Amino acid sequence: MSVNQQAHTGPPYGQPQPGYQGYQQPAYGGQPLPGAAPSQYGAYNGPMPGYQQPVPPQGTSQAPPTSGAPPPASGASLPSGHLAYSQFGHGDVQNGIPASAASMQRPPASQPFLPGSAPTPVSPTPTFQQYGPPPASVQQLSNHMAGMTIGSTTASAPPPAGLGYGPPTSVPPVSGSFSATGSGLYTPYTASQGPPPTTVSQAQVPGFAPPPSSTGLGPSSYPPTTGAPRAPTMPGPPLPGQTVAGPPTSQPNHVSSPPPLSAMPGPHPGPPMSGLHGPPPPTHPPQPGYQMQQNGSFGQVRGPQPNYGGAYPGTPNYGSQPGPPPPPKRLDPDSIPSPIQVIEDDRNNRGSEPFVTGVRGQVPPLVTTNFLVKDQGNASPRYIRCTSYNIPCTSDMAKQSQVPLAAVIKPLATLPPEEPLPYLVDHGESGPVRCNRCKAYMCPFMQFIEGGRRFQCCFCSCVTEVPAHYFQHLDHTGKRVDFYDRPELSMGSYEFLATVDYCKNNKFPSPPAFIFMIDVSYNAVKSGLVRLICEELKSLLDYLPREGTMEESAIRVGFVTYNKVLHFYNVKSSLAQPQMMVVSDVADMFVPLLDGFLVNVNESRTVITSLLDQIPEMFADTRETETVFAPVIQAGLEALKAAECAGKLFIFHTSLPVAEAPGKLKNRDDKKLVNTDKEKTLFQPQTSFYNNLAKDCVAQGCCVDLFLFPNQYLDVATLGVVTYQTGGSIYKYAYFQLETDQDRFLNDLRRDVQKEVGFDAVMRVRTSTGIRATDFFGAFYMSNTTDVEMAGLDCDKTITVEFKHDDKLSEDSGALLQCALLYTSCAGQRRLRIHNLSLNCCTQLADLYRNCETDTLINYLAKYAYRGVLSSPVKTVRDALISQCAQILACYRKNCASPSSAGQLILPECMKLLPVYLNCVLKSDVLQPGPEVTTDDRAYIRQLVTSMDVAETNVFFYPRLLPLTKADVDSDSLPAAIRNSEERLSKGDIYLLENGLNIFVWVGVNVQQGLIQNLFGVSSFGQISKALSTLPVLDNPFSKKVRAIVDMLQMQRSRYMKLIVVKQEDKLEMLFKHFLVEDKSLNGGASYVDFLCHMHKEIRQLLS
Ligand SMILES: [Zn+2]
């Protein structure tokens, strides 16, 4: 027994580490967390000694550029993957960065749901187009459920006297939808109650809310609460276990909300209620030419549908009301916000123009829209996306809205070929220019003063001398004359070459190493895995990451095999044959050889090839079934330590490590814990051993990528700890079979080995005064409260950062973020990548709700919830999510929407998909597992989602469903996606569903024989093999088109998706239906319609 081995008495997983924390947040004082190792980079971001000390120039440092001229374009000294900044031309840059005043606008904050039967003079769709002024109208969704009798609202309704709204005609409606939703009411309201509108877009904000401090809306109050003072702000975020109740009903608040309808028999007195009264016809067949919900239809009522039979769990009856019981009714799914329509609209409206980042607070196009980015001073949305681009000026406002303020950052994101990589800036031996106090890096928002001799920091306001070599004159506008020559003055993203001050131990790093560590126990050998890996490595080693056009990769490689013991290989180029060294004392791991373990591939190619040929033979007859695991990581770590370099371990592992060794695990899987208070233990590691190991790995820059091939439980929650905390990736291939899974595995391996990765990375996010980063989600380690450390950070990894107010913000200055990532490139060059983003700030809640991004919000909420399951019962986590979203929507309803009946669900335009997407998160395997989902699956998904970017969470939670039989075989385009519901599927068609991990091909029972022949090469439905993991290669247009679609989707995703063919009415269809997320799920997940009604009820409760 090793001294390192600890009994299973450790604290729950990562209590001290933010990455694994539950709802309780760490203190934000910048103090090291208890038990955390001191950061090696303490000085990097702070005023502490270390990096700031002047150090004689070393290594590749270049002479500083001469003042007034761009530095020499010494292309040779720059990695060619990066553009030397002298190449940075003036061409693309136009006007620098306007301080504020977004000229481009997000689509309207809200949009009307027109009554289906009402005339629609102008389709609302055009209001999405142009980024001009949003329409003023409000999206209203009338809930006909449970006998609610709310009808449409029309412009013909005169505002009731005495409400203080002023004449309804003072401002002409901007669109047909405007007049159709009673919006005539609101404009005068704005004029009489709010500040005078200064811009068109402001004038159109429905129901301007007064600042939270304002007392009393006076005459604008709705009849029941006339003259009531403003309600106190909404309660803070719910804590686990805390149920969130609406404000006490005794408080006279909610000035714009009428009492719930159910309490008010008879005609509703409210002004918007001039439409239909009384229940609509019990069944209202969809009308021809009936527009999708974006066109504002109220919920149409259909008869009960089999898919929607069940109520939301726990809420069997929604709002039953006295009086004649209405016939059972359901919202028409066509009348509720459709993800497909929103995606489509954004594509049409924003896909054709490049997204130019020169304007503060611009909301980018959706992640599902293809668009080009032109960097003119703010980081591309490929690097940073925010939950809102207009953040409340005060923390009270932020709390009231409950909208989380978060940024999803992908510092090394891959860009499309049309967009240039960040320019690399070399400031020579003195390093990047930084603020003296907060150490922020030079960026477009720094203000040069005193003729250019000093600059004032945009983050902390401190004034810093401009170093002599960096001095430049200012033009008449106060802008440096070299503004366009310097990426750090005119662009949102760029890199600095780091000086030795930024290196560990003040030494430039060596190139990193890759160590391949192969499980050679019985299962691995028998399945053919060992042979497969060895064969693949022979060619894959030629594709190690290279910098730019370097001839060969600088990365060295090493090899280890293991079962209960470890085998190291000497593959020194001078050897005729590789040599094996066995270490059987796994309790105290050491590396038995230094020279010859890590080698250059080209130099040692013969020996390596020989080794890879021999390994499968050497273990072909093994009977060893037991494995160790922690000693494998320790061996890799020790090897990197000995070589004094960072690197990545690629571990191929098959089973629960039960052999006697440090980090030995026991099978503790217990599905009976699901839905109990102990469920959280399934997500926690069973020993703290791996947390400590992870800490050591991070200190060395040892990133661990894990390829798992389990035939049974192997405790992903524990085995994944080191991977997770070192910034690595986990891949899992359950019941690995060569013929069906090898393509997927090999594609994943190839991509994983080749992808861009930075080592020994530290990320810090600085913010301007008033907000600060308080919480972080992702695969990393934190030893203090500000620095995110990653042994490795690849191009697919995302870190989600939450911000909180620590002071007031101002509308004038807005808010700034600067993300600085210090890392070692694959060639061993130390660099800083800087991303800057400027956001607007608002004093009106409506501005917040108009500039949100729901996809990013969902990314944050999912990560928040998935971390919550480590410390709270799953039900508590789910309830907290629902409660928070209900509060977000209720706050909008109360403060921003025009007055209307409580029976109407009114959603902000930017958040109209929040309910459907939230429901998908709630129904996901982590939060609501079906019986077929294993404990390891859940732990695996939990870890995957935590590093996903916004595009990945979007398709993961709401999969893409494409009707293949509708594809145009003559074009490159994809068929239009459809909504994820069984009732959208036709028996005569073939569909493809993808979620980033799987691709399903669903075949209806009535599909024409010719199509089946063309796609599967068999003559009938019955002959289609369910075991297909690829589509047969057939020479006909349909087959080619479908395979091209599949290939294209595979290219878009960071993992190779598993292809599964599903035949309608076959057993496997259950699995497929799990992904039809708008339907009620077998394990109790609500349908979209039911969930929307449930949310509506929650919102009404908060408002009543
Ligand atoms: Zn500063």
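Computed from a predicted model, the values in this text were never measured in an experiment. Read the numbers this way: they start at 1 and go in the same order the structure lists the ligands and their atoms.
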Is the Zn ion (ligand 1) less than 2.8 Å from an N/O/S atom of Cys458, whether that atom is in the backbone or a side chain?
no
Note: SG(Cys438)-the Zn ion (ligand 1)-SG(Cys435) angle, rounded to 10 degrees, equals 120°
Applying the side-chain hydrogen bond (donor to acceptor under 3.5 Å, both in side chains) criterion to Asn859, which one of Asp949, Thr800, Thr854 satisfies it?
Thr800
Residue pairs fulfilling ring pair (Phe, Tyr, Trp, His ring centres under 6.0 Å) with at least one residue in residues 375-415, sequence neighbours excluded
Tyr383-His835
Does this structure show an ion pair linking Asp775 with Arg867, if we count only N-O contacts that are shorter than 4.0 Å?
yes
With Arg453 via side chain to side chain contact (heavy atoms under 4.5 Å, CB included) - residues at least two apart:
Glu450, Phe471
Is the distance between the Zn ion (ligand 1) and the nearest N/O/S atom of Cys462 smaller than 2.8 Å?
no
